[in-house]
Amino acid sequence: MARESGDFVTQFYSGIQEAVVTPVTRAIVESGQGAYLTIEGQPKLNLCSNNYLGLANDERLKLAASRAIEQYGVGTGSVRALSGTNVLHVELEDRLAAFKHAEGALAVTGGYMANMAAIQTIVGKEDIVISDALNHASIIDAVRVAQPQRKYIYAHRDMDELRGNLKEAAGERKTPRSDGKPPIILIITDGVFSMDGDLAPLPEIVELAEEFQALTMVDDAHGEGVLGDHGRGIVDHFGLHGRVDIEVGTLSKAFGVMGGFITGKKELIEYYRRNARQFLFSNGLSIPDTAALIEAVKILEESDERVKRLWENGDYLKEQFAAFGLDCGVSETPITPVMLGEEDLAIEFSKQLLKNGVYATPIKFPMVPKGRARIRVMPSAAHNREDLDKGVSVFHKVAQELSVLQ
Ligand SMILES: Cc1ncc(COP(=O)(O)O)c(C=O)c1O
């Protein structure tokens, strides 16, 4: 039956159409990931990927993936809980646990999935969550799904507010859940805040958690491969092994492939393996991804050279940008935001960069608050000094042309 104009379905589609009229510039990459990307047939200096260590196109990872395909094929045939757990999954999880100095690890197909699993599996309606205001969308979504009736959002990195929240939560915990047990209190924070590059004050969070008997969870998506010895992450950076209950990571940034994982105490990981819906009802990592990831962990264990190069490159960029007056915000990591303020300016800035051979996308609302638009510049271990100098001179030119420099 033909739809009549104005019926409910037609109204739905016209709403959708209205929402997508503004054109978006979305680069289609015609090359592998690296210091340069080919976009519309032209090489562009890549200053906005999260391929922090340059592993996404690494020969060892590629070889490991193709060898694994020869041996095991590509797919896993079912969810991990049925026949889909390959020996490679077990090896990857063992290596990840060892790398993170944790008792156990569980790998899933994304950092988003890992956050969903980590939170939704242990938090129920009668539990209490306390979360940093700038936590990643996947944490926010996971808390929404878990639906705790009591949740607190403290201002970004505000430890006084966190203490206040914990005091209130401790009072609320006196009322037991309907199963007779006390509600859990879970404090959740990103480790590195990806848009600003600043760090969670994890030592203070852990101290407060210990004082108020709360559980702690850190999303280390931007800390792995970046912070700590050989890139073991933020817990290692602050020397907090054994004092953070749940570490979530992504395998799609520094590790160069895709996937996510949770590390923690053996029994907690086993609990997730038996109960996490994201693990039970969705297939695991594919064979080539898993094999490439094993190689990535081996590379990180063997040498910290890439991590060091990433930091040198980040420090160099910040120094050069500051020298001609660009505002790089409060970053404590190689993430180098160039703060521009208005969205239109950030969009225009990015367009001009691209015209001059540099690819770095604008970051705007809802990824950052309104009026805080920026270009999130991301050097990697794959860049050499010549690449960075080219980037610096193009940023300088565009900043002058757009009168961004005071
Ligand atoms: C802080 C943070 N957590 C989780 C994720 C999700 O990771 P993935 O892309 O592996 O799903 C991201 C990715 O953007 C992130 O920045």
Side-chain angles (χ1 to χ4, degrees), residues 26 29 33 48-53 55-56 61 92-93 96 100 105-120 129 131-146 153 156-157 186-200 202 205 216-228 231 233-235 237 244 246-263 276-279 282-286 289-290 292-293 296-297 331-337 361-364 366-368 374 376-378 380:
R26 215 176 267 131
V29 177
Q33 292 287 326
C48 63
S49 98
N50 290 320
N51 177 23
Y52 292 129
L53 301 178
L55 289 174
L61 268 69
L92 175 64
E93 288 172 343
L96 283 170
K100 297 286 284 183
L106 179 79
V108 289
T109 51
Y112 191 108
M113 292 282 258
N115 272 332
M116 292 299 285
I119 296 167
Q120 195 196 336
V129 162
S131 183
D132 186 289
L134 293 192
N135 277 346
H136 188 256
S138 52
I139 292 173
I140 296 168
D141 293 357
V143 174
R144 279 186 189 147
V145 172
I153 317 259
H156 181 48
R157 303 190 344 154
L186 176 64
I187 307 171
I188 312 172
T189 184
D190 277 16
V192 176
F193 291 85
S194 60
M195 295 301 146
D196 289 290
D198 53 340
L199 302 187
L202 206 54
I205 293 176
T216 43
M217 167 176 154
V218 65
D219 174 354
D220 207 13
H222 297 270
E224 272 138 9
V226 179
L227 293 171
I234 191 163
V235 169
H237 171 79
V244 173
I246 306 161
E247 282 183 72
V248 166
T250 172
L251 299 164
S252 54
K253 300 186 194 301
F255 288 92
V257 189
M258 71 165 293
F261 66 106
I262 309 172
T263 53
R277 298 173 73 78
Q278 294 73 10
F279 181 80
S282 184
N283 272 250
L285 289 163
S286 77
D289 290 329
T290 313
L293 285 163
V297 182
S331 177
E332 299 168 73
T333 59
I335 295 170
T336 308
T361 46
I363 304 284
K364 46 196 176 43
M367 285 200 271
V368 291
R374 66 201 65 178
R376 177 183 181 269
V377 182
M378 205 46 247
S380 77

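Note that ligands are numbered from 1 as they come in the structure, with each ligand's atoms numbered from 1 the same way. All values derive from a computational prediction rather than experimental measurement.
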Novice: Show the atoms of ligand 1 that are less than 4.0 angstrom away from any heavy atom in Ala221.
Specialist: 1 (C), 2 (C), 3 (N), 15 (C)

Novice: Closest approach of Val129 and Ile188, non-hydrogen atoms and distance?
Specialist: CG1-CD1, 3.8 Å

Novice: In terms of atom number and element, which parts of ligand 1 are under 4.0 angstrom from non-hydrogen atoms of Thr250?
Specialist: 7 (O), 8 (P), 10 (O)

Novice: May I ask you to identify the nearest protein heavy atom to atom 16 (O) of ligand 1, giving residue, atom name and distance to one decimal place in Å?
Specialist: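 For atom 16 (O) of ligand 1, the nearest protein heavy atom is His222 NE2, 2.6 Å.
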
Novice: Between Asp196 and His156, do the side chains contain a donor N or O and an acceptor N or O under 3.5 Å apart?
Specialist: no

Novice: Among all protein heavy atoms, pick out the one at the shortest distance from atom 5 (C) of ligand 1; state its residue, atom name and that distance to 0.1 Å.
Specialist: His136 CE1, 3.4 Å

Novice: Are the side chain of Asp220 and the backbone N or O of Ile234 linked by a donor-acceptor pair below 3.5 Å?
Specialist: yes

Novice: Of all the atoms in ligand 1, which lie at a distance below 4.0 Å from a heavy atom belonging to Ser138?
Specialist: 4 (C)

Novice: Which atoms of ligand 1 sit under 4.0 Å from any heavy atom of Gly110?
Specialist: 10 (O), 11 (O)

Novice: Would you please determine whether Lys253 falls within less than 4.0 Å of ligand 1 on a heavy-atom basis?
Specialist: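 A heavy atom of Lys253 does come that close to ligand 1.
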
Novice: What is the closest protein heavy atom to atom 6 (C) of ligand 1, and at what distance does it sit?
Specialist: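 Heavy-atom neighbour on the protein nearest atom 6 (C) of ligand 1: Tyr112 N, 3.4 Å.
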
Novice: Touching ligand 1 at all, Ala114? Heavy atoms, strictly under 4.0 Å?
Specialist: no

Novice: Just jot down the ligand 1 atoms closer than 4.0 angstrom to any heavy atom of Asp190, in number order.
Specialist: 1 (C)

Novice: Give the atoms of ligand 1, by number and element, whose distance to some non-hydrogen atom of Gly259 is under 4.0 Å.
Specialist: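 Near Gly259, the atoms of ligand 1 are 10 (O).
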
Novice: Just how far is it from atom CD1 of Ile262 to atom CE of Met217, taken to the nearest 0.5 Å?
Specialist: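 Rounded to the nearest 0.5 Å, the CD1-CE separation comes out at 7.5 Å.
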
Novice: Do the side chains of Glu224 and Lys253 get close enough for a salt bridge, i.e. N-O under 4.0 angstrom?
Specialist: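 Between Lys253 and Glu224 there is no salt bridge, as every charged N stays at least 4.0 Å from the carboxylate O atoms.
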
Novice: Do any N or O atoms from the side chain of Arg157 and from the backbone of Leu199 form a donor-acceptor pair under 3.5 angstrom?
Specialist: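 Checking the backbone N and O of Leu199 against the side chain of Arg157, a donor-acceptor pair under 3.5 Å is found.
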
Novice: So, applying side chain to side chain contact (heavy atoms under 4.5 Å, CB included) with Phe193, which one of Thr333, Ile335, Asp132 is it?
Specialist: Asp132

Novice: Around atom 9 (O) of ligand 1, find the nearest protein heavy atom and jot down its residue, atom name and distance.
Specialist: Ser252 OG, 3.4 Å

Novice: To the nearest 0.1 Å, how far is atom 7 (O) of ligand 1 from its closest protein heavy atom, and which atom is that?
Specialist: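 Residue, atom and distance for the closest contact: Gly111 CA, 3.4 Å.
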
Novice: Just by distance, no angles: are the side chains of His136 and Asp219 close enough, under 3.5 Å, to form a donor-acceptor pair?
Specialist: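 Result is no, nothing qualifies.
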
Novice: Do Val143 and Ile119 have side-chain heavy atoms sitting under 4.5 Å apart?
Specialist: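 Touching, per the 4.5 Å side-chain cut-off.
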
Novice: Touching ligand 1 at all, Gly260? Heavy atoms, strictly under 4.0 Å?
Specialist: no

Novice: Counting non-hydrogen protein atoms only, what is the nearest one to atom 1 (C) of ligand 1? Give residue, atom name and distance.
Specialist: Asp219 OD2, 3.4 Å

Novice: Taking the side chain as C-beta and beyond, is there a heavy-atom pair between Thr336 and Ser331 under 4.5 Å?
Specialist: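 In short, these two side chains do not touch, never coming nearer than 4.5 Å.
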
